[in-house]
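Structure, as structure tokens:
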Amino acid sequence: MSDSTRGIPRREFMKAAVAIGGSAALSACLDRGGMPDVEQGPDDLSSLPKRQHAWNQFLKTDDHGNDVAPRHQVLLFLNYAGATDATPSQSERKTVESAFQSLERAYERSHEGLLFSVGYSPSYFARFGATDVLPKPKALASFEDPKLDEQDAVVHLASDHGELVIAAEEALLGNRDQLNGVDVAGVSDVFEKADRRTGFVGDGLPADHQDVNGIPDSNPVPEESPLYMGFKSGFKKNQASEDSVTIQDGPFAGGTTQHVSNISLHLDQWYEQDSRDQRVAKMFCPVHAEEGRVEGAGDNLGDSSEMGDDCIGEVESHARKRGMVGHSQKSAGARKNDSPVILRRDFDSTDGGEAGLHFVAVQRTIADFEATREAMNGENLAGNSSVGQRVNNGILQYMTVERRANFLVPPRSLRSLPNPNR
């Protein structure tokens, strides 16, 4: 990053810094204005939640009580540095736990400070001969052919301050020995960096970063939108609760499972051929478009996308009679006891110069995610109506799943190189 970045508005600069990462980006942040004034974490770490995925109580909320995701996020993929057939030692576990605890002491657990979690893959657990901890990732539709990730672990870092996620990542990689006045340790003696994916979510950020492949040159992304497709998500009543996605029994009780997808977005037709009503119908439900229920990005909807029986109960009818069904309309079909089964923590991205989405979801079992994806696919509609396998079938035609990965996110007490056979 060069001196020319000084003329870039702060939110554009910070997104670019997170995307670049590393010591150069962090130095540019420090030169531009230093680190934000954020409270340190507690001395007594036992006061923190036992669940790694307990984020919601630390997030800000909007006027309707919806949780607002941290604006800057990084997915740091790691591989265990030991031999292929080796299992971690107790000494290595202590090293990793020391690193995670140092992050918790450096920054308060909040959207202003730092939220993070670490998950482990089927490949990691296979080192112990444990092949039944969670299923391997797989293609989840007949029309997709994603690369299936096999990294051992992923650390999800999130904050409203981009400087903090860069600094935390640098600390984990052994490139910083102090954060926010706290001595920190890294995991570089135990883990090797395998991949890095970055992104953002929040009003104005997508509009600031629409000069990428996958979005037309007309700069159509609305300023008020928190995501590239022009509408908000994460309505409180459309999200599973943290309690409901928590594993209830077994060796990892108190944890959860996590699915991570990398999705490319193709929004030329979305913005340049589809009308506003068509976009509303495909994202939500045809009834929403006909009745004008969605204003702007959808803030007027309050804490729910308003998927009532006139949408959920009419999917097949809308496919036959209207030739179109909505994404939210289909996905609501995967609810259990009228409640969603996944908790979305996804964010947009410009990795590789492409408009993309890193879809991060936590749920009690990977089967819950797969059931939600099956409902979203709407494969039963294709062939029985004018709705195609992807065309007019929600938002499927505007995205390509590039990668899929499954992880188990243990409770905090087991987050450092867990042994499934303990």
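Here, residue 1 is the first one in the sequence, and each next residue gets the next number.
Each disulfide (SG to SG under 2.5 Å) pair with one or both residues in residues 263-317, not counting sequence neighbours, appears once here: C285-C311. For residues 251-261, every residue pair satisfying the side chain to side chain donor-acceptor pair (under 3.5 Å) rule, not counting sequence neighbours, is listed here: T257-Q363, H259-S261, H259-R404, H259-N406, S261-R404. Each ring pair (Phe, Tyr, Trp, His ring centres under 6.0 Å) pair with one or both residues in residues 282-318, not counting sequence neighbours, appears once here: F231-F284, F284-H288.
For the side-chain contact (heavy atoms from CB on, under 4.5 Å) test, no residue two or more places apart in sequence or in another chain qualifies with D145. With sequence neighbours excluded, no residue forms a salt bridge (Lys or Arg N to Asp or Glu O under 4.0 Å) with R364. Every residue meeting the salt bridge (Lys or Arg N to Asp or Glu O under 4.0 Å) condition with R345, not counting sequence neighbours, appears here in chain and number order: E242. Under the side-chain hydrogen bond (donor to acceptor under 3.5 Å, both in side chains) criterion, H53 pairs with T246, sequence neighbours left out. Residues that satisfy the salt bridge (Lys or Arg N to Asp or Glu O under 4.0 Å) test with D149, not counting sequence neighbours, are R197, R403. P222 meets the side-chain contact (heavy atoms from CB on, under 4.5 Å) test with E224, S225, Y271; sequence neighbours excluded. Shown here are the side-chain contact (heavy atoms from CB on, under 4.5 Å) partners of A168, two or more places apart in sequence or in another chain: L103, L114, L157. D208 meets the salt bridge (Lys or Arg N to Asp or Glu O under 4.0 Å) test with R11; sequence neighbours excluded.
Checked by atom type and distance alone, the side chain of S331 never pairs as donor or acceptor with a backbone atom of T372 at under 3.5 Å.
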Contacts table for residues 294-301: side-chain donor-acceptor under 3.5 angstrom, sequence neighbours left out:
from	atom 1	to	atom 2	distance (Å)
D299	OD1	K232	NZ	3.4
N300	OD1	E295	N	2.8
N300	ND2	R293	O	2.7

